Amino acid sequence: MVKTSPKSKYLRRYRTCFIIGIVILSLQLLLVANFLVQNKNTEGPENWEPSDIDKDSGSNSEALNSARRSDDEETNLLAPQTKRAGNGSIQLKVEDLSFELPCQMGEKQALSALNRAKSQRCKQLIANITCLALENQLYPTELRSSCPSEQFAAGKEMGCFKDEKNFRLLNGYFGVSKTDNSPIYCMNLCLQSGFPYAGVQYAQECFCGSDEPPSGSKLPDSSCNIKCPGDVHATCGGYYTMNVYQTGIKRFVPQTANETLQAVKQRKIAFLLTLNGRALRQVHRLLKLIYHRNHYYYIHVDVRQDYLYRELLALERFPNIRLTRKRFATIWGGASLLEMLRACMLQLLQMPDWSWDFILNLSESDFPVKPLGKLTQFLSANAQRNFVKSHGREVQRFIQKQGLDKTFVECEYRMWRVGNRKLPLGIQIDGGSDWVALSRPFVQYVADPEPDELVSGLLKVFQHTLLPAESFFHTVLRNSKFCHTYVDNNLHVTNWKRKLGCKCQYKHVVDWCGCSPNDFTLDDWAKVLNTQSRALYFARKFEPIVNQAVILQLELWLFNRDTPSKEVANLNSYWQNLFHHQDLRVAFDDSLMTLAESIGRRSLKALSNSSGSCDLFLSSLQQINSFHYNDHYKYSLLLLASGVEVAVKPINKLFVKPGPLVKHLATLLVSTEFDQKEQLSRNFLRNLSPYSDPVLVYKFSALKGAKLYNLTCLWVDPIGVLRDVSLFSLDANNLVGHVKAGMKQPHLPGVWKVKLLHKDSLLAQLSFPILPLQFLSGRPISSNEVSALHLSLGQSAGPIWPNSDYAKFLPMAAHQQTLLEKANRNAQRRNASLLAWIDSLVGVFYAIERVCTTADSPVGACGLKIAPCRTTQWSSLAPDPKSAIGDVNATTGMFDVW
C-alpha cells in the first residue's frame, strides 16, 4: 500500500479550493457585467424600460396577470420591421423632391420614408406631418378625462412608506429612469397605464399599483430623502422607501355583462359589415344566418372592390339592407379604417327610419357561433353597455408593441413610420380588438361631427396611429362619461396561432410587423365548442377558399343537426371570383389575362377543330372563378362571351428520384402569393410572368425521428443558366413551407427548372413556365416592348454562379448554346407568332378538363354540342343554394336556411 505524503494531500486540497475560487470569481464578474449592461439600457432620452415586478418578490402582480393573453382577442403584437445596425445616417435624396422641406429633418425613419415614397404628394405629406410633430404642433400635450374619479384627487401625496423586496407595495408596473424620474413623471406614467397609485423610490425607480399601501407600512417623511433626477426640489423615496401619490383615477373594473336573459324589450342591432375581397358567396352565407327583418344591415365595400359592391347592390331590395355610397380604400393597420368606421356610424345615426340600439361590426371572415335570437336577447339584457376586448397586457408594453408611441402617415396605400412621439398626458391608454358592439348613446358621442375636447384630441392622435380602430374606441370609453359601461368582451372568439400568424406578412403596406389570426379549420373545432357556455356569439376567421368544411359543420351545429334537413346541391363546392370584365378599379393582371386568353384560344380551337372561326379577343373574357371541392382546389373557370365556360388546371411537371426522403414528398410546386399563415399559395392557377416573384412550395408527410435535412434548390432558367441557389432545412416540426427565389426581375420567359438537392444528390426536378406577356399594363404589348423584355434578356444572360459546385446539375455547354439560340429566336416573335409561343407553353403546362355552355340547351358557340352549365356540378353557373339569397320567410322574418 502506497502512503500519501502530507504535502501532496495539501496540494490536492489547494487545487480544489483554487478551482472553486475561480468559479466564484467568474460568476461575480458575470453578474457585474450583466448589471452594467442593464444600467446602460436605462440611459438616453427615451429611457423607460418596462419590466415585470421584481422577480424575487413572489407577489402576484397585475403586470404578470395581464400578460396572460386570451385567445379571444385580436390585438396585434407588433415589433419594428427592421433594425438598423450602428449609427449610420440616411441621406435624403433632395433632388427627388419638387418642394422645399418645411423644416430641418434628421429623423432616420422620416428620411427613409421620404426616400421610399413614390409620389410627390406622398413625400410632401410625410414632410409636413414630420415637421409638425417635431415642432410639437401635431398632437395635444394633455387631455382631460371625464370618467368620474370620486375622491381620487390627482397628485395627492399619501406619504412615505416602507417597501419590501419580497412584497412590493405597488406591484402593477415598474420602470427606471436615470434622467427624468420625479413624482409628476411617475404619476403621468401610472395614470396612462390605468393605475390609481404611483410611487417613486431610490431616485430612479417608478412603481404603479392598484391597491392603497397599508397604513402599517407608513414611515416618517424624513425616511424618503433622495432627490429626484427629474426635479431637484422633490424627493424620490430612498433605499426600500417610497413616496406614494394618487394619480387621480380610481381602480378600473370593467362591468360584468348580465347573462340572465329574462324577458326584456327587444333591442335592435345595426350590423356594420366592412367588406374587402371577392368572397361574394361567403357574404351571402353570413347574411342568411344573421338576417332578421327587425335588425339593420349597413354594408361598406372597399372602393377598389367593384365586383363585390356591384353584386351586393341587389340586396337593397330589402328595406333594412343598405350599401354606403361613401366608400374608402382601406389597408391593414391604416388610419383610414377609423375614418371609415366613424363615417359609417354617422350615416347610420342619420338614417331616420332605422331605430337601432347597438352597432356591431363584422367582416366577411366572421361567422356566428350562436343563433341570432340569443345575441338579441343578450344585448337586450345589456342595454347601454359597450362591448370591447382589451389587450390583456401591461399598458406600457402594449404601447410599445402596438407602435402607439410612433407617428405614422398613410399615403400610397401604406403606413409610413416617420418618428417617435409622446402620447397626451392625463388619460388612460387602452386598446385591443377592433371588433366591437357599441350602444347608440356612445356611438352618438364618438361619431359626432363636432366632438368634444377629448374625442377631437384623440382623433388627432389616432389620425397618425397604426391600427387606430384597435385603440380609439377603448381609449375614449375609458376616459369619458361612458367609462362605467365598459364590458371587456367583444363577443368574438378569435383563432390565434401566433407561431404561424406573426410573420411580418403585411410589410408591403406598413413599416411595422404585425400578428394576424388564422382561419378556422376542422382541427380547431374545440375552440368553437368552448364558446357554448360563454358570452361569445361570433368567431373569426373563416375563409371557404381555405376550409369550407368547418363552416358547414358550424351551420349544422347552430341548428342542432348532423345533416341538412333537405338535399342541398353542391353542398361541398365553393366558387370564388377572381376577375370580372365590368371591374373598373381592379389592377389589371397582365399574366392572368395572357394565360386566360391563351386558354380561350386553345379550348375553342380544339373543340371546334377550326383554326379561325372561334378566335377570341380580350373583350371576350367575362369572368374567372376558382372552383374548390371538398376543400381542394379543382379548376379555374373561364367564362367567355361566346357562351362557353372552360375548366382548366395546371399540370405539375415533376420528376422524382426514388429514395427514403422523396417518398415523404407530398407537394412540390412553383407559384406566387404564398400565405405563411395558412401555409398555402393563393395563386391556384400558378400563372407567372417575367415580373412575378416565384416561390417553391413544399409539403412533406411525417418524418420519423429528429433528423434534420438541409436541402438546396437550384433555380435554372430556360437557357440552362443557374440563376439562384436557395437553402432550407426540413425536420419533423417543419414539414410545410416555401422557398423564395432571390432573382431580379424581369425573368427570361420560357421553361424554368427547380432542382431539389440533398447533400450531393438530386431528389426532384420541377419544370414550370414563365409566360411571355401578351399584355403589358393592361394593353397589348408592342414590338418594342417585346424586344426590351425578351431579346435583351436572352442575349445578356450570364451565369450567376461562375464557380459553382453545381455544374453537374446544369446542361452541358453545347446544350446551353442550343437553348440560347432558341431563346433568341423566341425573343423575335411578334403578333401571331408571339401568341403561338404562349399557346405552346400553355398547352404543356395546363389541361382543359371541362367545357359547358351558358345556353339552356346543349348547343354552344361555334356549333358545338356541349352540356348546359346549369346542369353541371362544377360550373360557376351551377346551383348553389347554401350561398343563394332568396325571399324572406314570412313567419320568421329571416332568409330560408337549408
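As the structure is a prediction and not an experimental result, all values here were calculated from the model.
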Just checking Gln532: does its CD atom have more than 12 heavy atoms from other residues, nucleotides or ligands closer to it than 6.0 angstrom?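 No, CD of Gln532 has 12 or fewer neighbouring heavy atoms, counting only those of other groups under 6.0 Å.
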In chain order, what residues pass the side-chain contact (heavy atoms from CB on, under 4.5 Å) check against Gln384, with sequence neighbours excluded?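 For Gln384 the side-chain contact (heavy atoms from CB on, under 4.5 Å) partners, ignoring immediate neighbours, are Pro441.
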Report the relative orientation of the aromatic rings in [X] and [Y]; use parallel for angles under 30°, tilted for 30 to 60°, perpendicular for over 60°.
| X | Y | result |
| --- | --- | --- |
| Phe378 | Tyr537 | tilted |
| Phe538 | Phe271 | perpendicular |
| His391 | Phe398 | parallel |

I need the minimum non-hydrogen distance between Tyr574 and Ala279, along with the two atoms involved.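 Closest approach of Tyr574 to Ala279: OH-CB, 3.6 Å.
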Tell me if the SG of Cys483 lies under 2.5 Å from the SG of Cys147.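 In this structure, Cys147 and Cys483 share a disulfide.
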Quick check: are the SG atoms of Cys186 and Cys206 less than 2.5 Å apart?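 The answer is yes, since Cys206 and Cys186 bring their SG atoms under 2.5 Å apart.
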Salt bridge Arg251-Asp211, side-chain N to carboxylate O under 4.0 Å: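 Result for this pair is yes, salt bridge flagged.
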Taking only residues two or more places apart in sequence, or in another chain, which ones meet Asn386 in a side-chain hydrogen bond (donor to acceptor under 3.5 Å, both in side chains)?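 Counting only residues at least two positions away or on another chain, Asn386 forms a side-chain hydrogen bond (donor to acceptor under 3.5 Å, both in side chains) with Ser439, Thr485.
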Do Arg478 and Phe252 meet the cation-pi criteria used here (NZ or CZ under 6.0 Å from the six-membered ring centre, within 45° of the axis)?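 That pair qualifies as a cation-pi contact.
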Quick one: do the Ser336 and Glu410 side chains pair a donor with an acceptor below 3.5 Å?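 Yes, because at least one side-chain N or O of Ser336 sits under 3.5 Å from a partner of the opposite role on Glu410.
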Check the side chains of Gln402 and Arg393 for a donor-acceptor pair under 3.5 angstrom, ignoring hydrogens and angles.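 On atom types as modelled, these side chains do not qualify, holding no pair under 3.5 Å.
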